[in-house]
**Student:** 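This is the structure I want to talk about, given as structure tokens.
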2 protein chains.
Amino acid sequence: MTNRIAVALNALADPTRRTIFERVGAAPGAVGEIAAGLPVSRPAVSQHLKVLKEAGLVTDTPDGTRRVYRLDPRGLGALRNWLDRFWGDQLSAFKDFADQQESTE
Amino acid sequence: MTNRIAVALNALADPTRRTIFERVGAAPGAVGEIAAGLPVSRPAVSQHLKVLKEAGLVTDTPDGTRRVYRLDPRGLGALRNWLDRFWGDQLSAFKDFADQQESTE
DNA sequence: CGATTCGGTTAGTCATGACTTACGGTAAGC
DNA sequence: GCTTACCGTAAGTCATGACTAACCGAATCG
């Protein structure tokens, strides 16, 4: 459960991989199209897409010799839920902090 | 602007650092308290907290010789907004995909 | 004051992973 | 059939960063 978060965060931590992820988010496309214009080789993009796929952040669909990648809502949703948990923690913690400040002033 | 996202994601990618972040989220505390029970040394925790602080994910407050760390809403909010952008992309992309599926069946 | 506690910093080691080059494999076009 | 795109994989190189041990500064207590 927290492992899904681990792989997702690890996948999005790399700058090149994040750029690839943003490109896929802007418009689904094949590996060659995604790699075009990037400062890394096509095999590198392939490896990054593999990591993103195993993280549940993208999915691939065969299309002839090409392979179209698009966003996967599962990894995205898992990250959102994880973040929202801390958002709640943060709010309650801030409330405690504010109460304490008020009581000691 | 995207640099804030970069440092935040990079900070949360490390497992040890994520554990520290979760501990701080559960309950604010000093460095020694956070380091207690962790499989790494206290200086390591100190270095991790520095990274989390520079990422806008935690803040520190001096308290005598101690130093209390708590969550910082800024980094948390930035991450949420960044994720939500892709959430919108994902939804529209899924809609396009569904429309295309429908038109080709 | 000295002694103690708490925490940040430095230097140096070591493992992880991002990248390229070369290769193999599959589907479309002649 | 043969060739051409397109893509994933393997092997090997190299840089980044996580960690420990040792050190130093600052605040508290006797």
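Chain A is the first sequence line, chain B the second, and so forth, proteins listed ahead of strands; every chain is numbered from 1. Quick caveat, the model's predicted, so the values are computed rather than measured.
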**Student:** Treat each ILVMFWY residue as a node, draw an edge where side-chain heavy atoms are under 4.5 Å apart, and state whether B:V68 and B:L49 are in one component.
**Tutor:**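 No, because B:V68 and B:L49 fall into different hydrophobic clusters, even though each may have its own neighbours under 4.5 Å.
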**Student:** Heavy atoms under 4.0 Å is the rule here; annotate nucleotides 19-24 of chain D 5' to 3' with B where the base is hit, S where only the sugar-phosphate is, and - elsewhere.
**Tutor:** BBBB--
**Student:** Output one line per pair: protein atom, nucleotide atom from nucleotides 27-30 of chain D, and distance, for all N/O pairs under 3.5 Å.
**Tutor:**
none

**Student:** State the CZ-CG distance between B:R17 and B:N10, to the nearest 0.5 angstrom.
**Tutor:**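 Rounded to the nearest 0.5 Å, the CZ-CG separation comes out at 6.0 Å.
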**Student:** Just how large is the angle between the end axes of the helix from C:dC1-D:dG30 to C:dC30-D:dG1, five pairs per end, to 10 degrees?
**Tutor:**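 The angle, to the nearest 10 degrees, is 20°.
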**Student:** Heavy atoms only: give me the nearest B:R4-B:A78 pair and the separation to one decimal.
**Tutor:**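 The pair with the smallest heavy-atom distance is CD-CB, 3.7 Å.
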**Student:** Is B:I5 reachable from A:L52 through a run of hydrophobic residues whose side-chain heavy atoms are each under 4.5 Å from the next?
**Tutor:**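 Yes, one cluster joins them.
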**Student:** For residues 29-58 of chain B, which residue pairs qualify under salt bridge (Lys or Arg N to Asp or Glu O under 4.0 Å), counting only residues two or more places apart or in two chains?
**Tutor:**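 Listed once each, the pairs are B:E33-B:R66, B:K53-B:D60.
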**Student:** Separation of A:N10 atom CG from D:dA18 atom P, in whole Å?
**Tutor:**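 Between P of D:dA18 and CG of A:N10: 11 Å.
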**Student:** Give the cluster check for B:L9 versus B:V51: same hydrophobic cluster or not, with ILVMFWY residues linked at side-chain heavy-atom distances below 4.5 Å.
**Tutor:**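 Not linked; separate clusters.
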**Student:** Identify the heavy atoms of A:G75 and A:L57 that sit nearest to each other, and give their distance.
**Tutor:**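 Closest approach of A:G75 to A:L57, heavy atoms only: C-CD2, 3.9 Å.
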**Student:** Using atom NZ of B:K50 as one end and atom C1' of D:dA18 as the other, report the distance to the nearest whole Å.
**Tutor:**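 Going from B:K50 (NZ) to D:dA18 (C1'), I get 14 Å.
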**Student:** side-chain contact (heavy atoms from CB on, under 4.5 Å) for A:Y69 and A:R23? Distances and angles first, verdict last.
**Tutor:** CA-CA 10 Å; A:Y69 283 85; A:R23 281 208 179 193; over 6 Å; no
**Student:** Given side-chain contact (heavy atoms from CB on, under 4.5 Å), test A:L12 with B:F86 step by step and report yes or no.
**Tutor:** CA-CA 12 Å; A:L12 292 177; B:F86 285 98; over 6 Å; no
**Student:** Of all nucleotides in DNA chain C with an atom under 4.0 Å from a non-hydrogen atom of chain A, which is the first and which the last going 5' to 3'?
**Tutor:**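 The contacted stretch runs from C:dA18 to C:dA28.
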**Student:** Looking at residues at least two apart in the chain, or sitting in another chain, which of them share a salt bridge (charged side-chain N to carboxylate O under 4.0 Å, His left out) with B:R80?
**Tutor:**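 For B:R80 the salt bridge (charged side-chain N to carboxylate O under 4.0 Å, His left out) partners, ignoring immediate neighbours, are A:D84.
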